[in-house]
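All of these numbers come straight from a predicted model, not from anything done at the bench. One-based numbering along the sequence shown.
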Amino acid sequence: MSTLATVLLSGAPGAVGWAVHVWWLRARLHTARRDPLTGLRTRDGFTRRATALLKDPRAVVVLADVDRFKQINDTHGHAAGDALLKATADRLAHHIGASGVVGRLGGDEFAAVVIDNHGTAGDLLAVLHGVLARPVEGEDPAVHTTVSLGWVRAVDFPADGLSGLLRRADEAMYAAKQGRAGLRRAGLGWLFATVTGRRAGRIGARTAPVVEVAA
């Protein structure tokens, strides 16, 4: 037996017990930052990684919301709805890639930050929009819907942090959903029509006049 192994074992069970405890704590922390249904990062885990990625001027923030999700649940059952959410999460994670991050913010709402190396985020998201509309494998072909996407380049709003960029992407996503466009980029020169960080119509939103600022 090596000298190192002898030293380590001589401290047992205290050393082993502490190592197991540290491993357990890390596993609990990892689990707390992962959504149990989709395996994506939860809001806390997403925020940590996304904030780091936003230091890159090529960062793009994306907000995705499943269309007609309640109708899917009501018509086909919650198991089908869960399958749709899981498929949406898997497809988002695959297309965003390891260099970015995807999180489930809650319900049928997802967020992502991707590093746009080639300035082709619009093309990437247009392809992704088509992929997200495909039927879920292993489910009734009727269990599918579209996903509305809103996105914003961080460099366009250098004064905004993650929260502000998500609000802008959320506004663009809502406009895409209302116009059935599927995908929309946040426009330049506009402030939000809410003062609580929530899009008009969402719980907790209080409206304020929309103010245009010079581009």
Point-to-point distance, once rounded to the nearest 0.5 Å, from [atom1] of [X] to [atom2] of [Y]:
X	Y	atom1	atom2	answer
Asp140	Thr75	CG	OG1	11.0 Å
Leu105	Arg41	CG	CZ	13.0 Å
Arg43	Arg48	CZ	CZ	14.5 Å
Asp108	Ile72	CG	CD1	11.0 Å
His78	Leu85	NE2	CG	11.5 Å
Asp56	Ile115	CG	CD1	4.0 Å

What I want to check is whether the side chains of [X] and [Y] have a donor and an acceptor closer together than 3.5 Å.
X	Y	result
Asp35	Thr42	no
Arg167	Ser163	yes
Arg104	Thr38	no
Asp65	Ser148	no

Which pair of heavy atoms, one from [X] and one from [Y], lies closest together, and at what distance?
X	Y	value
Val143	Ala80	CG1-O, 3.8 Å
Val152	Ala186	CB-CB, 3.8 Å
Ala59	Leu53	CB-O, 3.8 Å
Thr146	Ala133	CG2-CB, 4.1 Å
Pro141	Pro135	O-CB, 3.9 Å
Ala169	Val61	CB-O, 4.1 Å

Determine whether [X] and [Y] make a side-chain contact, defined as any pair of heavy atoms from C-beta on separated by less than 4.5 Å.
X	Y	answer
Asp170	Glu109	yes
Phe69	Leu84	yes
Glu171	Arg184	no
Trp151	Leu183	yes
Leu40	Arg34	no
His144	Val136	no
Leu149	Leu63	no

**Study point:** Asp116 side-chain N/O to Val60 backbone N/O, donor-acceptor pair under 3.5 Å
**Key:**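 Here the side-chain-to-backbone pair does not exist.
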
Let me check something: do [X] and [Y] share a hydrophobic cluster, defined by ILVMFWY side-chain heavy atoms less than 4.5 Å apart, either directly or through other members?
X	Y	value
Met173	Phe157	yes
Val147	Leu166	no
Leu37	Val66	yes

Exercise for review: Please lay out, stage by stage, how Thr88 and Phe110 fare under the test side-chain contact (heavy atoms from CB on, under 4.5 Å).
Suggested key: CA-CA 9 Å; Thr88 299; Phe110 302 85; 3.8 Å; yes

Practice item. Look at Arg185 together with Asp156 and state whether they make a salt bridge at an N to O cut-off of under 4.0 Å. Key: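 So Arg185 pairs with Asp156 through a salt bridge.
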
Point to revise | SB check Asp82 Lys86 (cutoff 4.0 Å) | key: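 Salt bridge: no.
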
Exercise for review: Report the C-alpha separation of Asp67 and Thr145 in whole Å, then their side-chain angles, then the decisive distance to 0.1 Å, and conclude whether the side chain to side chain donor-acceptor pair (under 3.5 Å) test is met.
Suggested key: CA-CA 6 Å; Asp67 300 325; Thr145 184; 5.1 Å; no

Point to revise | Residue from Thr51, Val102, Val113 passing side chain to side chain contact (heavy atoms under 4.5 Å, CB included) with Phe46 | key: Val113

Practice item. Please lay out, stage by stage, how Leu125 and Val62 fare under the test side-chain contact (heavy atoms from CB on, under 4.5 Å). Key: CA-CA 9 Å; Leu125 294 174; Val62 184; 4.1 Å; yes

